[in-house]
Amino acid sequence: MAKNLSGDLQVASANRLADGVVVWLDDAGEWTTRLERAAISRDRRSGEILLRRAEAEAFAVIDPFLVAVAEDDDGMIEPLSLRERIRASGLTFDAIAADAVRYA
Amino acid sequence: MKLFSDAGLPATYVALPFADWRTRSDWPAVALANTDPVEELAAHVDRLRLVVLHFPKFSDGRAYSQARLLRGRLGYRGELRATGGVLQDQVAFMLRCGFDSFESDQAGFGEALARARTVFSVVYQPAEDGRAPVSLLRHERRNAALT
Amino acid sequence: MPDAHFYRYDDYDRTLVGERVEQFRDQVRRRLAGELTEEQFKPLRLHNGLYLQLHAYMLRIAIPYGTLSSRQLRKLADISRKYDRGYGHFTTRQNLQLNWIRLEDAPDALAALAEVDMHALQTSGNCIRNVTADHFAGAAADEIEDPRIWAEIVRQWSTLHPEFTYLPRKFKIAITGSPNDRAAVRVHDIGLRLWRNDEGEVGFEVIVGGGLGRTPMIGKTLRAFLPRNELLAYLEATLRVYNRYGRRDNLYKARIKILVHEVGVERMRADVEAEYAGTRDGLLGLSSETIEAIAHQFAPPDLPSRPAVVGAVEALKLGDRDFALWLKSNVASHRASGYAIVTASLKPAGAPPGDASAVQMEGVADIADTYSQGELRVSHEQNLILPHVAVEDLPAVYAALGRLGFAEANVGKITDIIACPGLDYCALANARSIPVAQRISSHFASLARQHDIGDLKIKISGCINACGHHHVGHIGILGVDRNGVELYQISLGGDVDFGRTALGTIIGPAVTADKVVEAVDAVVATYLDVRNDGERFVDTYRRIGAQPFKERLYETV
Ligand code: HEM
Ligand code: SF4
C-alpha cells in the first residue's frame, strides 16, 4: 500500500479545554474526536490556512497545532510521528485499570 | 491604564526612572526595574512618597522581593505601586508583599481587588500586611486555653 | 480505627485549603467562560497541580512527606474511581498522579481531597513544591529525629507564600532525619539533613543547588550546621536571594543549581548570610513551643509489646523460599523490637511501575488498618510502605499483599524500576518509558535470579527532564528521539546514597527499543562474571570502570 510520506499532508489538532481530550478540526470547522473526520491540508500554504482556521475556532480548545500525517490508498490517515500516533490511539500498554478486577 | 490606589496620589504624579532619580534623589517618586537595587533607597525612604515596581510579566516575581525589602527591611511607608503584568489572580500576593496601589487594565480588576483581602482568611507566613500568621494565632489560642 | 500519628489539620488548615478550592473553582469558571487566556490560566492550574498531558489533564496530588492514613488512601481510591479511570500513579516525589481528569471536574476532585485534609497545592508551577522526606520517617531504626516535623513546618510556611509563588523556576525541598539518606537530599534545590554535632545539638546541614533534569548537579553545603529554630528564616533568605538573582532569561538555566554554579557556592553563601542577617530576628524564628506542638502530633504510636522472634515466621521462612526472599528485600528493621517496616512493591513483574488501581489502594488501606496502625508511607522509589507491622503478623501481611499483587520480593532489585510516564502520557517526552520498564521487569521476573544479582537500581526517563532519575540509576536509561525513532541511551554508575551520590556515565551509542533488554542483560552478565564476593553492582562498576561492560554490551546489541 503506497503511503504518501512527504509530510505535506497535515491535520490540525488540539486538546479540548473542558476535558483535555484530543481533537482534530473537521471540514465544517468543528472539533472532532475522530481522526478520520479531520480536514486535511495538502500543501504548505493550505496548511497555514488550516492552522489559522483552527486558531479562529480555538475558544474551546487549547493551543491548536498542525500534525503531519500519511494517507493510504483507502484514504485512511495516520500521523507520522509516534507522539501523534499515541495521541491518536492512546496508551501503548494496558493501563492497570483494565485488569483491576483481577484483584477484587 | 487604570490606577487603583488607596494612597491618594494622582496618577500623574511622576516617578523618575531609577537612573534619573539617582542624579536627583531629592525627588519624591521613583520607578524601579525589577533588577534595580532597592537597597539604594535606604537613605531616602522617609522622603519618598511613591515607589513604582514593575512586573514585566505577571509570572516574573522579582518585584515581590523588592516590595518586601522596601516595606519590611527599609521601613518605607509611602505609596507602593505595581505596574506591568498586574492581574487579579496575583493581587492577593501583591497586597501581602506591601503593595497598596495598582495599575491594571484587566476587566474586573477593581472588584477582585476589593475581594482580595478576604479570599484567604488564613495566612501561614508573616509578610508586610500586618496579618497575623496561623502560628501566632495558634500560640494565642494555646495561651488562652491555659488561662 | 486507630488515630493517625502524624499532623492533623486544625480549623485554620481546613479553612485555607477550602478557600483555595473555591478560588480555583472560580478560576476554572472564568477560564471556561473565556475570561482568562490559556497563558493566564496555566500557572493558576499548575499551582493547583493540574497539568495538560497528551490525552487529558493530569492531577498531581501532594502526599506531604509521603505520609498517608488508610482513610486518606481510601479517599484517593474513591477519587480515582469517580473522576478518573480507577487507578493512579505514585511518583518519585511522593505525589499521586491521576491521568484522566476533566478540567470541569477538577474543583470537585479537589474538594473531595480536602475532605481528608489533602490538597494538590503547589505540586507544579514555579513555586516551592511538595516537601518530601525519608519514607521510613518515624519508624526507622537509624533516625535522629523525625524529619516530618520539619517538613510540615516548611509545608505551612511555603503554602501560598506571597513572595515565592513566581520564582524563576520550580523549587524542591527534601528532608532526611537519618544518616542513611532515603530522601535524596543531594539532588534537590535544597536538601536538609538533620544531624547531631559534637555538643549534642541537633541541627540541619543545608545543601543547595542539587538537581537532575538536563543539567544534573550534586548539591553543595551552604551551611554545615543550622540550629533548628532558625530553619524558616534561613530558607526565606535563601529563597529571596534565588528569587532576585536566579536567571529568568532561559528556562533551562533558571533552577537555583545554575545560580549556585555560576556565582560559586562561596558567593552564594555570602549573599544568603547577608540576607539572613536581615531575616533572622524577624517573626520567622520558631519558638520551642511551636515546634513542640507540631512534634507532639508526630509522636510515635503506642505499639503494644510483641515478640521479636516468632516460631511461625521462622518456620515459614524455611518452608517458603519466596517468603524468605521477601523478608530479605521488602522488610526493614523498625526501631521498636517486635516490629518491622514492610514495603509493598508496586512493581509486580511486567506491570507499569508505581501504578495502583482503586481496588488495590483499598486493599492496602485495609492491610494498614489491620496490621500497621492505619498508617502508610509513599516512597520515592514509587512503592507503598507499611511502617509499623508486628513481626508476628508478617506472614499474614505477606499473604494479604500477595492477593493484591504487591508482595513481589524485589525492593531494591533489578525489577524495582523507576520509570517516568514517558511518551504514553507526557507531552514533553521523546520516547516511551513504561513499556521499556515492563519488558525489563518481565525478563528478570525470576526472584531467585534477582536476589542473586542483588541491589541494582534501574531508572528510566523518557526525556532529558529526568523525571525518572536516570542520572542516578545504577543503570540509567534515557529515551531519545532520532528522526522519529525511539532510542535509548544507557548510563552506568549513578547512585543516590548519601556520601556516594554520583551521576552515571553514558557508555556509548543509544540502542533501539527492541535491544534495551539485551543491553541490560549484557551489563548484568558482565557484572556476574567479574564481581567479588558480596560486591554490589555499583561497587563492581566503580572498581573496574565502564570498559568491560561496554565491550560486552556492544558485542551483543
Ligand atoms: C507527565 C507529566 C510530567 C511533566 C510534564 C513533567 C515535567 C518535568 C520537567 C519539565 C522537569 C525538568 C524541570 C527542570 O529541570 O527545571 C521535571 C523534572 C522532574 N520531574 Fe517531572 N514531569 C512529569 C511527571 C513526573 C513524574 C510522574 C515524576 C515522578 C515519577 C516526576 C518527577 C520529577 C523529578 C524527580 C524531576 C527531577 C529533576 C529535578 O527536579 O531536578 N515528574 N519534570
Ligand atoms: S522525563 Fe520527560 S518524558 Fe518523562 S515525565 Fe518527565 S518530562 Fe515527561
Side-chain angles (χ1 to χ4, degrees), chain B residues 34-39 55-69 72-74 85 87-99 106-108 112 115-116 118-139 141-143 146, chain C residues 10-20 22-24 26-27 30 35-36 39-44 47 125-127 153 155-168 232 236 239-246 248 275 278-279 282-287 289-294:
Chain B
N34 69 5
T35 46
D36 289 333
V38 277
E39 288 84 349
F55 291 83
K57 281 190 296 194
F58 73 90
S59 53
D60 181 337
R62 280 178 276 203
Y64 291 113
S65 287
Q66 288 179 309
R68 289 202 64 192
L69 287 169
R73 184 81 44 84
L74 308 182
L87 301 174
Q88 53 173 291
D89 292 294
Q90 287 78 42
V91 68
F93 295 131
M94 293 180 183
L95 285 168
R96 294 223 63 213
C97 288
F99 288 99
Q106 193 184 27
R115 272 184 282 120
T118 54
V119 172
F120 292 102
S121 60
V122 171
V123 295
Y124 280 126
Q125 323 69 9
E128 312 310 326
D129 54 355
R131 293 177 68 181
V134 169
S135 53
L136 209 64
L137 300 177
R138 286 182 180 135
H139 179 84
R141 191 187 274 182
R142 273 193 301 270
N143 285 352
L146 290 177
Chain C
D10 63 11
D11 49 340
Y12 296 119
D13 302 301
R14 275 196 199 106
T15 302
L16 183 127
V17 171
E19 287 171 347
R20 175 63 162 198
E22 290 319 306
Q23 181 195 38
F24 188 55
D26 179 57
Q27 289 164 342
R30 280 154 52 213
E35 291 169 29
L36 286 173
E39 195 208 349
Q40 291 166 345
F41 180 64
K42 188 173 169 184
L44 305 177
H47 287 150
N126 296 334
C127 51
I153 288 170
R155 183 190 75 82
Q156 295 189 18
W157 162 78
S158 62
T159 297
L160 302 190
H161 196 298
E163 183 180 352
F164 303 137
T165 301
Y166 292 94
L167 294 168
L232 293 185
E236 186 141 304
L239 266 294
R240 182 169 293 156
V241 169
Y242 171 55
N243 190 41
R244 295 185 74 191
Y245 305 114
R248 294 180 189 253
E275 180 55 42
T279 55
L283 287 168
L284 284 171
L286 291 158
S287 69
E289 202 202 344
T290 298
I291 300 171
E292 210 23 67
I294 291 192

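Just so you know, these numbers use all the heavy atoms, side chains as well, and skip hydrogens, waters and symmetry mates. Every chain is numbered from 1 and lettered A, B, ... according to where its sequence line falls, protein lines coming before strand lines.
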Options C:D26, C:L283, C:L239, ranked by heavy-atom pairs under 4.5 Å with chain B, top entry: C:L283
Which of B:S135, B:P126, B:S65 touches chain C most, by non-hydrogen pairs under 4.5 Å: B:S65
Over all atoms of both residues, closest heavy-atom pair of C:P162 and B:Q125: CD-OE1, 3.7 Å
Closest approach of B:V38 to C:R244 (non-hydrogen atoms, all atoms of both residues): CG2-NH2, 3.8 Å
Interface moiety of B:R62 toward chain C, non-hydrogen atoms closer than 4.5 Å: both
Residue among C:I153, C:N126, C:L36, C:L160 with most heavy-atom pairs under 4.5 Å to chain B: C:L160
Check against side chain to side chain contact (heavy atoms under 4.5 Å, CB included), B:V119 and C:E19: CA-CA 7 Å; B:V119 172; C:E19 287 171 347; 5.6 Å; no
Any side-chain heavy-atom pair of C:R14 and B:V122 under 4.5 Å: no
Straight-line distance of C:D10 CG to B:R141 CZ, nearest 0.5 Å: 6.0 Å
B:N34 versus chain C, the contacting section by heavy-atom distance below 4.5 Å: neither
Minimum heavy-atom distance between B:S121 and C:T15, given as atom pair plus value: OG-CG2, 3.3 Å
Partners meeting ring-ring contact (aromatic ring centres under 6.0 Å, His included) with C:H161 (sequence neighbours left out): C:W157, C:F164
Side chain / backbone / both / neither for B:Q90 at chain C, heavy atoms under 4.5 Å: side chain
C:E163 (side chain) donor-acceptor with B:C97 (main chain) under 3.5 angstrom: no
Minimal non-hydrogen separation, B:F58 against C:Q40, with atom names: CZ-CA, 4.0 Å
Verdict with reasoning, C:D11 to B:R138, per salt bridge (Lys or Arg N to Asp or Glu O under 4.0 Å): CA-CA 10 Å; C:D11 49 340; B:R138 286 182 180 135; over 6 Å; no
Test: C:E275 and B:R73 ion pair at under 4.0 Å: yes
Contact origin within B:L136 toward chain C - heavy atom pairs under 4.5 Å: neither
Distance, nearest 0.5 Å, that separates CZ of C:R240 from OH of B:Y64: 14.5 Å
Parallel, tilted or perpendicular: ring planes of B:F93 versus C:Y166, cut at 30 and 60 degrees: perpendicular
Check: B:D89 side chain, C:L44 main-chain N or O, donor-acceptor pair, under 3.5 Å: no
Region of C:R155 that comes under 4.5 Å of a non-hydrogen atom in chain B: side chain
Residue pair C:Q27 / B:Q88, side-chain heavy-atom distance below 4.5 Å: no
